[in-house]
Participant: 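First the structure, then my questions, so here it is.
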Amino acid sequence: MSDVASNPMRDAIANAISENPVLLFMKGTPDAPACGFSARTVAILQQLDVPFAAVDILPDPRIRQELSGLSGWPTIPQLFADGELIGGCDIVVEMYESGELQEALGLEGASGLEAPEAAASEPAPLAIENRL
């Protein structure tokens with residue numbers, strides 16, 4: 001029934017995905033990740049010097065619920081590029097090391113690299129920290 005009824009949270013998530021070329025749904029913020037997987041994904045994007053927007057899923061449990069419903073992916077973080085789900089931390093790391101992530105993000109010189117280690121919250125319903 002939620003698919004038929006208006007769902008402002010789902011609509012906000014879908015709009016954020018479509019409006020931001022690179023968007024990371026994560027626990028915490030890029031400056032203060034709240035889990036190692038989110039921190040590692042942020043570290044990879046920063047290593048690649050990719051401008052990205054981020055959404056902290058922790059302030060409102062509906063964000064995670066609706067995001068997983070939209071993406072079909074149960075875990076956090078979730079990285080989107082050009083409106084498409086890239087994947088979670090493990091996939092992002094594998095793609096980074098093989099050079100596939102750089103290609104997916106349209107970066108020059110896409111070659112495999114070793115993933116950087118991550119450094120070990122700001123509440124808002126769907127705050128997007130824009131790093132573009």
Side-chain angles (χ1 to χ4, degrees):
M1 194 165 190
S2 65
D3 290 340
V4 177
S6 174
N7 187 328
M9 181 63 74
R10 186 174 281 228
D11 293 345
I13 292 168
N15 287 339
I17 291 169
S18 67
E19 292 173 0
N20 292 281
V22 181
L23 179 62
L24 178 63
F25 288 88
M26 62 181 292
K27 293 179 181 177
T29 65
D31 293 329
C35 82
F37 298 113
S38 291
R40 191 154 193 205
T41 305
V42 166
I44 287 171
L45 293 172
Q46 290 173 339
Q47 179 74 28
L48 293 174
D49 200 26
V50 174
F52 67 97
V55 175
D56 181 0
I57 61 106
L58 294 176
D60 188 334
R62 296 175 303 162
I63 299 171
R64 183 179 189 151
Q65 179 181 352
E66 295 300 332
L67 174 62
S68 292
L70 277 171
S71 69
W73 195 262
T75 60
I76 301 296
Q78 292 185 24
L79 180 64
F80 289 81
D82 296 323
E84 298 293 322
L85 175 67
I86 299 288
C89 181
D90 291 344
I91 290 173
V92 169
V93 168
E94 287 176 22
M95 289 179 71
Y96 174 76
E97 290 174 346
S98 72
E100 291 176 81
L101 182 62
Q102 295 84 320
E103 290 176 22
L105 296 174
L107 301 175
E108 296 291 322
S111 61
L113 302 167
E114 187 173 323
E117 292 299 318
S121 303
E122 301 172 29
L126 187 60
I128 298 174
E129 185 169 324
N130 200 332
R131 299 266 172 152
L132 303 176

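Since the model is a prediction, treat every value here as computed from it, not as a measurement.
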Participant: So which heavy atom on P74 is nearest to which on G72, and how close?
Facilitator: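 Between these two residues, the closest heavy atoms are CD-O, 4.0 Å.
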
Participant: Are the side chain of Q78 and the backbone N or O of G87 linked by a donor-acceptor pair below 3.5 Å?
Facilitator: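 Not confirmed, Q78 side chain does not pair with G87 backbone.
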
Participant: Quick check: closest heavy atoms across P30 and V42, and the distance to 0.1 Å?
Facilitator: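 Minimum heavy-atom contact is O-CG1, 3.9 Å.
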
Participant: Please answer whether the main-chain N or O of L23 pairs with a side-chain N or O of N20 as donor and acceptor at a distance below 3.5 Å.
Facilitator: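 No, N20 side chain to L23 backbone: no donor-acceptor pair under 3.5 Å.
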
Participant: Would you mind reporting whether L67 and F80 have side-chain heavy atoms less than 4.5 Å apart?
Facilitator: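 The answer is yes, as the side chains (C-beta and beyond) meet within the 4.5 Å cut-off.
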
Participant: Side chains of L79 and V22, heavy atoms from C-beta outward: is any pair under 4.5 Å?
Facilitator: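 Yes. Closest side-chain heavy atoms under 4.5 Å.
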
Participant: Shortest non-hydrogen contact from L58 to G28?
Facilitator: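 Closest heavy-atom pair between L58 and G28: CD1-N, 3.7 Å.
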
Participant: Rounded to the nearest 0.5 Å, what separates atom CD1 in I17 from atom CG in D82?
Facilitator: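 Rounded to the nearest 0.5 Å, the CD1-CG separation comes to 12.5 Å.
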
Participant: Check whether any side-chain N or O of S18 sits under 3.5 Å from a backbone N or O of N15 as a donor-acceptor pair, and report yes or no.
Facilitator: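 Here the side-chain-to-backbone pair exists.
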
Participant: Are S71 and F25 packed together at the side-chain level, in the sense that at least one heavy-atom pair is separated by less than 4.5 angstrom?
Facilitator: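 S71 does not reach F25 side chain to side chain.
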
Participant: If the condition is side chain to side chain contact (heavy atoms under 4.5 Å, CB included), which residues does I91 pass it with, not counting sequence neighbours?
Facilitator: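 Testing I91 for side chain to side chain contact (heavy atoms under 4.5 Å, CB included), a comparison that skips the adjacent residues, returns W73, M95.
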
Participant: Using 0.5 Å steps for rounding, measure from the CD1 atom of I57 to the CZ atom of R62.
Facilitator: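 Output value for this atom pair is 13.0 Å.
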
Participant: For the backbone of M26 and the side chain of S38, can you confirm whether one donor and one acceptor N or O come within less than 3.5 Å of each other?
Facilitator: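 No: the side chain of S38 does not pair with the backbone of M26.
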
Participant: Given side chains that start at C-beta, do those of L105 and L45 come closer than 4.5 Å, heavy atoms only?
Facilitator: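 Yes, at least one pair of side-chain atoms sits under 4.5 Å.
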
Participant: Mind checking whether L101 and F37 sit in one hydrophobic cluster, side chains of I, L, V, M, F, W, Y counted as touching below 4.5 Å?
Facilitator: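 Different clusters.
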
Participant: Let me confirm one number: the CD-CD distance from Q102 to Q47, rounded to the nearest 0.5 Å.
Facilitator: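 Going from CD on Q102 over to CD on Q47, the span is 10.0 Å.
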
Participant: Restricting to non-hydrogen atoms, name the atom on L70 and the atom on A14 that form the minimum distance, rounded to 0.1 Å.
Facilitator: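 Shortest heavy-atom contact: CD1-N, 4.0 Å.
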
Participant: Distance check, rounded to the nearest 0.5 Å: F52 atom CZ versus L24 atom CG?
Facilitator: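 Rounded to the nearest 0.5 Å, the CZ-CG separation comes out at 6.0 Å.
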
Participant: When rounded to the nearest 0.5 angstrom, what is the spacing between CE in M9 and CD in E66?
Facilitator: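 It comes to 7.5 Å.
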
